[in-house]
Amino acid sequence: MSQVLRLLGYPVYDCDANAKRLMNDSVALRESLVKRFGTDLYRQGAFNAQYLSSIVFADQSALADLNAIVHPAVKADIQAWWREKGGLVFVETAIPYSSGVHQIVDKIWKVTAPTEVRVERVMARNGMTRAQVEQRIASQVSEEVQSDKDVAIINDGTTAVIPQIVENLKLLK
């Protein structure tokens, strides 16, 4: 969905990509992460995402620590980005509630798809095994929170997505 929004000319902040950028570039964030996860987190000065994933997706406590360190930095970065961009912007995140992003947005477009469809898509996109994808899904905090900000976008492989996006964009203007 974010690709469609970008093609339509809307700025989209990608939380995953920017979290990795911040973990690599922010001195304060690096220091906090090294203090918690050790110096192996950075190889030759570069953030080692694979190393961190191997820790946090096997240990809920480590994942909670990572989120407590990274989420506030990402949230602050979103707000700075939005001030720079102005106007109607979008934030792409898998975890709007547990990350606190829901507190700084007006609407949450929840893209929904059956679990099997999601697993297959992640396997194809990231080259991961089914077990790896299922482990990540199991380790994520449930985002089943319902709020008056929520808008459902169905992306099950049979329902047309673009008309849903266009209709919801009309409601924002």
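At least one side-chain heavy atom of Val56 sits less than 4.5 Å from a side-chain heavy atom of Phe37. Residues Ile108 and Val101 fail the side-chain proximity criterion, which asks for heavy atoms closer than 4.5 Å. Residues Leu66 and His71 fail the side-chain proximity criterion, which asks for heavy atoms closer than 4.5 Å. Between Asn48 and Asp40 there is no side-chain heavy-atom pair separated by less than 4.5 Å.
Linking ILVMFWY side-chain heavy atoms closer than 4.5 Å, directly or via other members, places Ile162 and Val151 in a single hydrophobic cluster. Under a hydrophobic-cluster definition in which Ile, Leu, Val, Met, Phe, Trp and Tyr are linked whenever side-chain heavy atoms come within less than 4.5 Å, directly or via other members, Val4 and Leu172 are assigned to the same cluster. The hydrophobic clustering, which links ILVMFWY residues whose side-chain heavy atoms are closer than 4.5 Å, places Val70 and Val34 together. Criterion: ILVMFWY side-chain heavy atoms under 4.5 Å apart, direct or through other members. Under it, Met1 and Val105 are not part of a common hydrophobic cluster. Each of Leu169 and Val91 belongs to its own hydrophobic cluster when Ile, Leu, Val, Met, Phe, Trp and Tyr are linked at side-chain heavy-atom distances under 4.5 angstrom.
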Exercise. Go through the steps for Leu22 and Val74 under the test side chain to side chain contact (heavy atoms under 4.5 Å, CB included), then give the verdict.
Key: CA-CA 8 Å; Leu22 290 168; Val74 170; 4.0 Å; yes
Exercise. Given side chain to side chain contact (heavy atoms under 4.5 Å, CB included), test Cys15 with Ile78 step by step and report yes or no.
Key: CA-CA 8 Å; Cys15 285; Ile78 292 169; 3.8 Å; yes
Self-check item: Full working for side chain to side chain donor-acceptor pair (under 3.5 Å) between Ser2 and Arg6
Solution: CA-CA 6 Å; Ser2 61; Arg6 285 185 186 97; 3.2 Å; yes
Exercise. Please lay out, stage by stage, how Tyr13 and Asn18 fare under the test side chain to side chain contact (heavy atoms under 4.5 Å, CB included).
Key: CA-CA 8 Å; Tyr13 183 98; Asn18 282 291; 3.1 Å; yes
Quiz item: Going through the checks in order, is the side chain to side chain contact (heavy atoms under 4.5 Å, CB included) test met by Asp77 and Arg21?
Solution: CA-CA 11 Å; Asp77 196 56; Arg21 174 186 55 81; 2.4 Å; yes
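In this structure, CG on Asn67 lies 8.5 Å from OG on Ser99, to the nearest 0.5 angstrom. Atom CZ of Arg36 sits about 4.0 Å away from atom CG of Asp65, to the nearest 0.5 Å. Between Ile55 atom CD1 and Leu41 atom CG the span is 7.0 Å, to the nearest 0.5 Å. Atom CD of residue Glu120 and atom CZ of residue Arg130 lie 5.0 Å apart, to the nearest 0.5 angstrom. For the atom pair CD of Glu167 and CD1 of Ile153, the computed distance is 10.0 Å after rounding to the nearest 0.5 Å. Interatomic distance, CG of Leu8 versus CD1 of Ile165, reported as 7.5 Å (0.5 Å rounding).
The two residues Asp156 and Val117 have their closest heavy-atom pair at O-CG2, 4.2 Å. Summarising the geometry of Ser61 relative to Asp59, their closest heavy-atom pair is N-OD1, 3.0 Å, with the distance given to 0.1 Å. Between Val12 and Leu5, the shortest heavy-atom contact is CG2-CB, 3.9 Å. What you find for Arg121 and Gly157 is that their closest heavy atoms are NH2-N, 3.5 Å. Looking at every heavy atom in both residues, Ala113 comes nearest to Asn155 through CB-O, 3.3 Å. The heavy-atom pair separating Val119 from Val133 by the smallest distance is CA-CG1, 3.9 Å.
Summarising the local packing, CD of Gln103 is surrounded by more than 12 heavy atoms from other residues, nucleotides or ligands at distances under 6.0 Å. Annotation for Lys20: atom NZ does not count as buried by contact number, only 12 or fewer foreign heavy atoms lying within 6.0 Å. No more than 12 heavy atoms of other residues, nucleotides or ligands lie within 6.0 Å of CG in Asp106, so this atom counts as exposed by the packing criterion. For Ile104, the CD1 atom is densely surrounded, since the number of other residues' heavy atoms within 6.0 Å is greater than 12.
Remark: the backbone N or O of Met128 is not paired with any side-chain donor or acceptor of Asn126 at under 3.5 angstrom. Put simply, the side chain of Arg30 gets close to the backbone of Gly45: a donor and an acceptor are under 3.5 Å apart. Remark: side-chain polar atoms of Gln164 are paired, donor with acceptor, to backbone N or O of Ala160 under 3.5 angstrom. Without hydrogens or angle criteria, Gln135 side chain to Phe57 main chain gives a donor-acceptor distance under 3.5 Å. Between the side chain of Trp82 and the backbone N or O of Leu88, no donor-acceptor pair lies under 3.5 Å.
Between Arg118 and Glu134 there is no salt bridge, since none of the side-chain N atoms of the basic residue sits less than 4.0 Å from a carboxylate O of the acidic one. Electrostatic pairing of Glu31 and Lys35 does not count as a salt bridge here, judged by no charged N lying under 4.0 Å from a carboxylate O. One finds no salt bridge joining Asp150 and Lys107 here, because no Lys/Arg side-chain nitrogen approaches an Asp/Glu carboxylate oxygen to under 4.0 Å.
Figure legend: cation-pi geometry between Arg43 and Tyr51 absent, as NZ or CZ is not positioned both under 6.0 Å from the six-membered ring centre and within 45° of its axis.
Aromatic ring centres of Trp109 and Phe90: separated by under 6.0 Å.
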